[in-house]
Amino acid sequence: MTQMNMLQAINNALDTAMAADERVLCFGEDVGVFGGVFRATSHLQEKYGKSRCFNTPLVEQGIIGFANGLAAQGSVPVAEIQFADYIFPAFDQIVNESAKYRYRSGNLFNVGGLTIRAPYGGGIAGGLYHSQSPEAYFAHTPGLKIVVPRNPHQAKGLLLGAIHDPNPTLFFEPKRLYRASVGDVPDEDYRLPLGEAEVLKEGTDVTVLGWGAQMDVIEQAVEMAEKDGISCEVIDLRTILPWDVETVANSVFKTGRLVVTHEAPLTGGFAGEIAATIQERCFLYLESPIARVTGMDTPFPLVLEKEHLPNHLKVFEAIRASVDF
Amino acid sequence: MTQMNMLQAINNALDTAMAADERVLCFGEDVGVFGGVFRATSHLQEKYGKSRCFNTPLVEQGIIGFANGLAAQGSVPVAEIQFADYIFPAFDQIVNESAKYRYRSGNLFNVGGLTIRAPYGGGIAGGLYHSQSPEAYFAHTPGLKIVVPRNPHQAKGLLLGAIHDPNPTLFFEPKRLYRASVGDVPDEDYRLPLGEAEVLKEGTDVTVLGWGAQMDVIEQAVEMAEKDGISCEVIDLRTILPWDVETVANSVFKTGRLVVTHEAPLTGGFAGEIAATIQERCFLYLESPIARVTGMDTPFPLVLEKEHLPNHLKVFEAIRASVDF
Amino acid sequence: MTTTKANVVYKPVFTDGAEFRIPTFRLLKQDGSLYKGAKAPEMDKEKALRIYRAMITTRILDERMLAAQRQGRLSFYMQCTGEEAAVIGSTAALDDGDMIMAQYREQGSLVYRGFTIDEFMNQLFGNELDYGKGRQMPVHYGSSKLNYMTISSPLATQIPQATGYAYGQKMAGDGHCTITYFGEGAASEGDFHAALNMAAVHRVPVIFLCRNNGYAISTPAAEQFAADGVAPRAYGYKMDMIRVDGNDILAMHEATKAARSLAVEHNRPVLIEAMSYRLAAHSSSDDPSGYRSKDEEAVWREKDPILRMRLWLEGKKWWSEDDEKELQDTMRREVLETMKRAQKRPPPALDTLVSDVYDEVPPALAEQFEKLKAHIRRHPDAYPKSAEHAKQAKREA
Amino acid sequence: MTTTKANVVYKPVFTDGAEFRIPTFRLLKQDGSLYKGAKAPEMDKEKALRIYRAMITTRILDERMLAAQRQGRLSFYMQCTGEEAAVIGSTAALDDGDMIMAQYREQGSLVYRGFTIDEFMNQLFGNELDYGKGRQMPVHYGSSKLNYMTISSPLATQIPQATGYAYGQKMAGDGHCTITYFGEGAASEGDFHAALNMAAVHRVPVIFLCRNNGYAISTPAAEQFAADGVAPRAYGYKMDMIRVDGNDILAMHEATKAARSLAVEHNRPVLIEAMSYRLAAHSSSDDPSGYRSKDEEAVWREKDPILRMRLWLEGKKWWSEDDEKELQDTMRREVLETMKRAQKRPPPALDTLVSDVYDEVPPALAEQFEKLKAHIRRHPDAYPKSAEHAKQAKREA
Ligand SMILES: Cc1ncc(C[n+]2csc(CCOP(=O)(O)OP(=O)(O)O)c2C)c(N)n1
Ligand SMILES: Cc1ncc(C[n+]2csc(CCOP(=O)(O)OP(=O)(O)O)c2C)c(N)n1
Ligand SMILES: [Mg+2]
Ligand SMILES: [Mg+2]
C-alpha cells in the first residue's frame, strides 16, 4: 500500500501494465517526454522507451484510428485524449469503428485491447471546452465499455481492469480529483471488475446513485440528509456501459426511491437511461418519481459554473424532495 | 397541392427556399450535377447555378466546418450528409461548434442559418452503416434542434421551418419513406413550427409516441390495438430537441400510459429521456410503466434486420402489455 | 521558385507546385509489349499465371454477380472492373502474410490470396457460413487467415488503422507490413491526413495505395481536388511516393515490390497512386449515365488491364486461346454453381443478432434476446428468416 | 525525379520531395536594416507606427497579465510573445473589414484593429461587460464590430469555417477575404486537410496563416511532422504558398498583402507559413523547462521581432527612445488601471447561464432556470457570484 493521489494511481496502473506486458503502449498528445499535460504518463517514456510511450501528432481522429489498428493487430494500446472535450474528432473512429469491429467481422477481428483515457468534468474553471462530461454520448453505442473511477484505489484497479478487458473501453478520469483525491493504493497488479456497481453505504429510505467526481458530492449531500434522519443507500455505478441494472434495481426495490446525479446536461444524459430502466423494473415499488440532479441544458459556463453544477446542496434537496414526496 | 413522394417534397422545399432567398446554398457529396445519391437535390444546380448547389470533396468534417463558416457569415447553408451513418466525422463540428457558437460568443456570432440534412434509418437492407438512427447522439447537445418528418407534407413544411429557424438544425429524413410515402403537398412556401409535437389521433387508454418512419409502424400497431378495443392516443414528436414535453405530458395525464418507440438501440436512446421526464412529470397518473420499443443493443444487423427492428407487432404487444399491466 | 538553392529570398514569390510534373511509371504497352527502355521485370510463369487467373476470376465474379443483382438474387454489388491490375498487381508484390486493409473494391486481392468462390458467395448472400454472420452488406469481405481485414463502409477509417497495424508489426519485428487501399475520393477525408502524417513521423512500414479511378460515385476527380492527383500530397508528409499506370500489371507489381522493401527494410512508408478508371457503375445502385459520357468510358475500355496482361503472357507463350477459354468456362461454371449452393443455405442463427457485440453477451442484452425469442415464438410467420433457420436446423438434425 | 519533364518513366523511382527547398522570404535584418537586394516596402509612417504600437501593447499586455495570473488575480493566460510580427504584420496587411478567424495566440490582431484594453480586461475577468458573458476561459476574445471571430478552444475547427466564411464573402461579392491563423500543431488535425482542399477546389478567398512556432505545448515540430514544415502541404492542394520569416514585420506584411490580392482578385487561396518561436510557455499552466532548453530559447530571444522593427523605425527616424519610454509607460499604466476596474465589475447576470443557447430560451430550460433561482434564494451564501451580482445591481439601483 502506498498513499497516492489519483494521478499517481493512474500512472502506477500504466506502469504496472507496461511492466507486465510489452504489448502495452501509451501515446497521445504530449504523452512522451513531458508525461502528459496532467503528468499521468510521467517517466513512462524513460522506463519503457520511445517506441512504447510517445507523443503523437495533434489529431484525435488519427490517435484513435491508429489505436484501433494497433489493437486489431494484437497490441494493447492505451491512448490518451488530452481533454474529454477533444474526443469528438475521434467520435467516428470510436462509435463506428472500435465499437463495431468485432460484430461486423463476425469475430474474425476485434479491438478488445483498446483503452482510451480522457480527463473529464467541471469544477476547475475550464469553461465550455475543459469541463464536459461526455459519457452519455458514448453510452448509446453497443460494443463499448465506459468506466469512471471515484478515487485513487478505484482508478488503479479499474484502469487495469479496462486495459485487460477484451473489449474497447473508454476510461474517463475526473480531473478535478487528480490531485484532490488521495488514498491508499495497493502496489500490486489488481483488477477491479467492469460492469459492476458498488454499494458504498447501505440505507433504507432512498438510493443515491452517481459516478466519478460526483461521488464526493453525494457523500456531502448524504451527510446532510442523514442529519435529517434520512437513511441513504449510496451506489457508485463505476461502469456506465454496460451498466449494472441488477444492483441498482435491487437497491430501489428496498428503498423505493432513487436520485441520480451527473454533471452532464439533463437532456440525453445517462441519468435518463437509468430512470427509464428503473421506473420500468421497479414500477410497483417506487414511492416517488426518480429524480435527476444534473448540469443544466446549456453548454458548460465559466464564471457561473457553481450555479450550473449539481452540487451537494442540489443533491440534498433532491433527496429531501424524494423522501417528502 | 401536388401529389409528391417524400423526396420530391424535400426537393420542392429546397427549391422553394433557394428561389426565395439567394443566400440559401445546397451542397454535399454528389449533390451537384447528379442531384444526390437519392436525388433530393435534383435539378437545383441547373436552376441556381454551380455556385449555389455543388459537390464537395468527400469529407464530412469539412462539409460541416465549411457550412458553419458560411452560416456565421450570414449565408443559409443546407448541407447534406449522404447517410446519417456518415455524420460522425462531423460530430465535433456539430456538437462543439454549431451548437455552441452563439453561447460562447455571447451572441456576437451564430450559425443559426445552418441546416444539416441526412437520410437515416433501417428497413432497406443497409446493415451496420446504411441504417443507423443517430438522433439521440445529438439530443444531448443544448444549442441544436433536431427534426424528423413522417410524410411528404411534413417533410416540406418542417424542412422550410428548419431552414428559416434561427438555430442550427439537424433534419433527419426517414429514407425508407423517400419513395414509399406519397401525399398531397402544398405548392407554396409554408413552414411548420419546430418544437411542437402533433397529436395525430386522440384516445383514452394509452399514449403511443414516435417520430419519422416509426409513425407508420405505430399506425399499424394502433390499428391492431383498436381492434382489441384499446383506445390509443398517437403523437408524432416531430422535433426531438428541444422536445415538446407539454403535449406528451398532457396526453399521459389523460391516458395514464405511455409507449415510446424508435429504431435506435434501447440504451441511451431518446425514449429513455422521454420516459425519465414523463415518469417524473406524471408520476401519480401513471398506471403502468412507460414502455420503450426500440432496436436492440447491438450494431444494426443485415440479414436479421426484421428481428432487430421495433415493428408493429412489437409495438402492439407493448401497447397490450401496458394496458394489461 | 521552390526548387531554388537559396535559403532566403527577398521578394514574395508564391508557388503552388504546378511546375512539378509527377511522371507515371509504366512498363507494359497495351499491345502486351514492353516500352522501349523498360526492363523486363523478374516474374516467373507461376506468379504471372497466379496473377492472371486472379484477374480473370475477379472479372467473371463481378460480371456474374452484377447479373445476379439485376435478377434480384442479390441486394447489392460493387465491381472492380477496370482496376484489376492496380489491385492484384500490388497485392501480388506483397508477402501473403502482410496485412491488407482495403476499401471495398479490392476483391481481386482476396481472389489472389485464395479466398474461395464459396467464401465470396457466403458473404454475398449472408448465409450461415458467412464469416461476417450476415451482418454486413454484400462485398464486405474479411478473412483472418488470409490477412484481409473485414471491410468497413465508413470511408477512410481504415487508413489510420493501417498505420497503427503496421506500427504493431514493426514492434513485433516480424518483417511484415500493411497495405491499405482507398479511392481518390476517400483521400479527402481527415483520416487520410492523420494516417499519412503519423506514418511518416513514426516511420511505420505501411503502403498507402490510392486507386485514382477518376470518380467518387458521381464526383469527378476535378471536383475532389485541384491538384494533379493525390500523389503530390506526399511532399507534405515527406513520404516516398510514386505514380503508376494502374492498368499496367507489371508496373504495379514492380512499384509495390520496391515500396514494400522501403517499408519493411527501411521503415519508410510509401504512397502509391495507381491511375486507372472505374469502368463500371459505382455500385449496382448507381447509373453513371447521369454524370459521365459513354465516350469517356470507351476510351478507358481500350486500356483494359486484363487484355494487356493477356497479350504479354501470350507473347511469352505462357498462355493460349485454349487456356483462356478453359479458365473462363470453368470459372463461370464454378461461380454459378457456387452461387446456387450459397443462396440455398439458411441465414445465420438467431443468436448472431446478439453475439460479438462484446466478447460475451451482457445481461441486459441477454434479456432483450430472451424477449425477442419469446416474441418470435408468438409470431413465427412474421419472421420467415428465423423460421427458415429453425426448419433447416430441424431438417439437418 | 518529380521535376523531370517526362510524363512517363520506365523505372520505379520514388521521391519524397526532399530535393525541394522552400526558401524563406525576408526583408529585415535583426539590426533593423534591409537585406541587400530587398526592396523597401511601401509602408507609410502612420501605418508603421500603428503596427509598432500594437506590437508593444501586445507585449505589455502579455507581461502584465501573466504577472496578474501569477498573483492569482486571473485563472489563466496565454502570451503571443515572440510572434507579434507574424500576427500583427499579417493583420495589418488586410482590410479592417476582412474576417479574422484565429486560434488563441493572436491578441495582436485585435490590438491592431482597436480592441480596447477595457475590452480585453472584461473578457479576461469575465465580468458583466465581457461580450462573451463570462462563459469562456480567458483569452477567448471576439468582436463582431472588428470582424474577429470569437475564439473556440477545439483546435483547427476554425480552419474549414474560414473556408466557408470566405465562400460566403465571395458569393456576396463584397471584395473581402478571410484569414485564419493556426499553429503548426493544429495543422495536423483532419479539419486542416478538409479546409485547404475545399478552398483550393472552390477557389475561395481565404488566407491560411500557419504560425510555425516550433512547439505544440511540449511537442516539438519534429514529432509533429516529418516534412520541412507545413508549407509543402500546399503542393498537395495546388495552393499558392509562401514561407516567411515570422519575426520580420516587413516581410510578413508584404507577403500577406500579396496573398490578399491573390485571394480577393484571383480567388486563389494562399497558405502562408510564418516561421517563428513561442518564446513564452504554452500558457500560464505550462512550464517549458521540462521539454526544451534555455539555450534554445536564448537563440530566439535574440531574434525579437519587436526590437527588429524598432531598429528599423529608428533608422527611419520615425521613433525615438523617448517615444518608446512614453508608450511603454502609458500602456503599463493603462493596463494596470484598466485591470483594477475590470476586476471590480460584477460577474454577468444569472440569466446569462441560459440565454444564447438558442435564440430564445426553450420551455424546459426556462423551467430549469426557475428552479435554479428558487434554489439560490434558499441558499444565497452558497452562490457568492450570484449574490455579488444581486448586491451590485441593488447598489446601482
Ligand atoms: C464517411 C463516408 N462518407 C460517405 C460514404 C458514401 N460513399 C460510399 S463510396 C463513396 C465514393 C468513394 O469514392 P472513392 O474513394 O474514389 O472510391 P471508388 O468508389 O472510386 O473506388 C461515397 C461517397 C461513405 N461510405 N463513408
Ligand atoms: C482538438 C483539440 N485537441 C487538443 C487541444 C489541447 N491543446 C490546446 S493548445 C495545444 C497545442 C497547440 O499547438 P499549436 O497549434 O502549434 O499552437 P501554439 O500553441 O504553438 O500557438 C493543444 C494540444 C485542443 N485545444 N483542441
Ligand atoms: Mg474513385
Ligand atoms: Mg505551435
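The chains referred to below are lettered A, B, ... by the order of the sequence lines, with proteins before strands, and numbering in each begins at 1. Quick caveat, the model's predicted, so the values are computed rather than measured.
A salt bridge does not link D:Lys133 with D:Glu128: none of the charged nitrogens is closer than 4.0 Å to a carboxylate oxygen. Salt bridge A:Glu317/D:Arg378: present, at least one basic N to carboxylate O contact under 4.0 Å. The pair D:Glu297-D:Arg292 meets the salt-bridge criterion, with a side-chain N (NZ, NE, NH1 or NH2) lying under 4.0 Å from an Asp/Glu carboxylate O. Salt bridge annotation for D:Arg135-A:Glu305: absent, with no cationic side-chain nitrogen under 4.0 angstrom from a carboxylate oxygen.
Residue contact with chain A, scored on non-hydrogen atoms closer than 4.5 Å, involves the side chain of D:Ile376 exclusively. For chain D, the nearby parts of A:Asp30 are the backbone and the side chain; heavy atoms of each come within less than 4.5 Å. For a residue to count as touching a neighbouring chain, one of its non-hydrogen atoms must lie under 4.5 Å from one of that chain's; by this rule D:Ala364 does not touch chain A. Residue A:Gln61 touches chain D through its side chain alone, counting heavy-atom pairs closer than 4.5 Å. When heavy atoms are compared at a cutoff of 4.5 Å, D:Thr352 approaches chain A solely by way of its side chain, counted from C-beta outward. Residue contact with chain A, scored on non-hydrogen atoms closer than 4.5 Å, involves the backbone and the side chain of D:Ile217 alike. For a residue to count as touching a neighbouring chain, one of its non-hydrogen atoms must lie under 4.5 Å from one of that chain's; by this rule A:Val37 touches chain D with the side chain only. Of the atoms belonging to D:Asp130, not a single heavy atom falls under 4.5 Å from chain A.
Between the side chains of A:Tyr178 and A:Glu173, a donor-acceptor pair is found at a separation under 3.5 Å. Between the side chains of A:Glu97 and A:Asn68, no donor-acceptor pair is found at a separation under 3.5 Å.
Using cut-offs of 30° and 60° for the angle between ring planes, the A:Phe172 and A:Phe138 rings count as tilted. A perpendicular orientation is assigned to the rings of A:Phe83 and A:Tyr86, their planes being inclined by more than 60° (bins at 30° and 60°).
In this structure, A:Arg39 satisfies the cation-pi test against A:Phe34, with its NZ or CZ atom closer than 6.0 Å to the six-membered ring centre and inside 45 degrees of the ring normal. Stacking of D:Arg233 on the aromatic ring of D:Phe192 is recorded, both the 6.0 Å distance cut-off and the 45° axial limit being met.
Taking non-hydrogen atoms and a 4.5 Å limit, the residue list of residues 258-269 of chain A in contact with chain D, ordered by number, reads A:Leu266.
Judged by distance alone, the side chain of D:His140 and the main-chain N or O of D:Pro138 form a donor-acceptor pair under 3.5 Å.
Put simply, of A:Val31, A:Asp85, A:Asn311, the one with the most heavy-atom pairs under 4.5 Å next to chain D is A:Asn311. Chosen from A:Ser131, A:Gly126, A:Gly32, A:Gly35, the residue pairing most often with chain D at heavy-atom distances under 4.5 Å is A:Gly126. When each of D:Asp356, D:Val357, D:Leu353, D:Leu155 is checked for heavy-atom pairs under 4.5 Å with chain A, D:Leu353 comes out on top. Per-residue heavy-atom pair counts under 4.5 Å with chain A were compared for D:Thr157, D:Val354, D:Leu365, and the maximum is reached by D:Leu365. The residue among D:Ser285, D:Gly185, D:Ala186, D:Gly290 with the most heavy atom pairs within less than 4.5 Å of chain A is D:Gly185. Put simply, of A:His308, A:Glu29, A:Glu60, the one with the most heavy-atom pairs under 4.5 Å next to chain D is A:Glu60.
For D:Tyr141 and D:Tyr148, the distance between ring centers is not under 6.0 angstrom. Aromatic rings from A:Phe88 and A:Tyr137 are positioned such that their centres are separated by under 6.0 Å.
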